[in-house]
Amino acid sequence: MEDHENYNTYDILASKLSAVNNKVRFSILEILSEIDENNQQKDNIIKEPLYSRELNSFLLKRYEINITPQMLGQHLKQLEGAKLIEEVHIKKEVPNKIGPRTVKAYKINTDAFKDLFLDVNLFTKELLSLFKLYESHEEVNDGEHCILTVLNGVDKGKTFKLNKEDKILVGCKEFDNQIISSTILLDSKYSKVSSISNPHAYIFYQENQWIILDKDSKNGTFIDNKLVYNDCLTKLKNKSFLRFSKGTGSAVFFCSFE
């Protein structure tokens, strides 16, 4: 139950952080945050929740953001899904209509930011741990090698320094396997990572760039959140997250080489 609750907390936090990590959505939150809990006007600007046409107008005037009503609707949907804003119905005079009409309007969720900061606080220890791993990782980075540092699981903190002359095989160990050279050998508890006998991926240097090759792994390889296609030479990104599968039993690395 505790693992399930932790996962839900992470999922909620990720949703909120993803929602605010966008200029348009952040601007919408700034506009709506001018309404206090009693819907009182602040600085004589906003008197009540705003409906989409009004939001579009504020975005254009204040931030020079010009988007279609359809695109605005998508942004509002994501903010609402992250429980940062809520939809209400208000009576409003609208263009080309006679008399007040009931329209959808939006306001800040009362506990939106309180909950967000509480969620972030739960991860403070983990974030500090990852920052220390990043510092250690950067100390090893010399611009000549590809540096991979494990960020999760039992091998968390292990750093691998890849030479340009080697072809590195990546996978998790099995009890009957022997450790071979030029291998990133992960603990068997990374159960979603293919075994060394059927390598998850290869990493090597070719034509002045670092390459990863997924070898038909069962659960996939990802650079950040982008899938690496099987048997397709794919350029590694500097300062990226390299993921072998996702979820419990996966392995996550921080990758840099410049």
Criterion side chain to side chain contact (heavy atoms under 4.5 Å, CB included) on I85 and L79, from CA distance to verdict:
CA-CA 6 Å; I85 67 173; L79 288 170; 3.8 Å; yes
Single-linkage hydrophobic cluster, 4.5 Å side-chain cutoff, V154 and L186 together
yes
For a quick test of reading the model, state the closest non-hydrogen atom pair linking [X] to [Y] and the distance between them.
| X | Y | result |
| --- | --- | --- |
| L185 | C172 | CD1-C, 4.3 Å |
| K91 | P100 | CB-CB, 4.3 Å |
| L50 | E54 | CA-OE1, 3.4 Å |

Does [atom1] belonging to [X] count more than 12 external heavy atoms closer than 6.0 Å?
| X | atom1 | result |
| --- | --- | --- |
| K161 | NZ | yes |
| K192 | NZ | yes |
| K77 | NZ | no |
| E64 | CD | no |
| K239 | NZ | yes |
| E207 | CD | no |
| K246 | NZ | yes |

Residue pair [X] / [Y], side-chain donor-acceptor N/O under 3.5 Å:
| X | Y | value |
| --- | --- | --- |
| S217 | S194 | no |
| T221 | H200 | yes |
| S195 | N198 | no |
| S256 | N238 | no |

Contact check, side chains of [X] and [Y], non-hydrogen atoms, under 4.5 Å:
| X | Y | value |
| --- | --- | --- |
| L55 | Y106 | yes |
| N219 | V193 | no |
| C255 | C146 | yes |
| K107 | L32 | no |

Between H75 and N22, is the side chain to side chain contact (heavy atoms under 4.5 Å, CB included) condition met? List the steps.
CA-CA 9 Å; H75 287 300; N22 175 276; 3.6 Å; yes
Would a line drawn from the ring center of F241 to the ring center of F253 be shorter than 6.0 Å?
no
Would a line drawn from the ring center of F244 to the ring center of Y190 be shorter than 6.0 Å?
no
Measuring from Q70:CD to I67:CD1, what's the distance to the nearest 0.5 Å?
10.0 Å
OG1 (T183) and NZ (K173) are apart, to the nearest 0.5 Å, by 12.5 Å
Using the ring of each side chain (for Trp, its six-membered ring), is W210 parallel, tilted or perpendicular to F257, with breaks at 30° and 60°?
tilted
Under the side chain to side chain contact (heavy atoms under 4.5 Å, CB included) test against D166, which residue among L169, L162, I168 passes?
I168
On the ring face of Y63, is K23 found with NZ or CZ under 6.0 Å from the centre and within 45° of the axis?
no
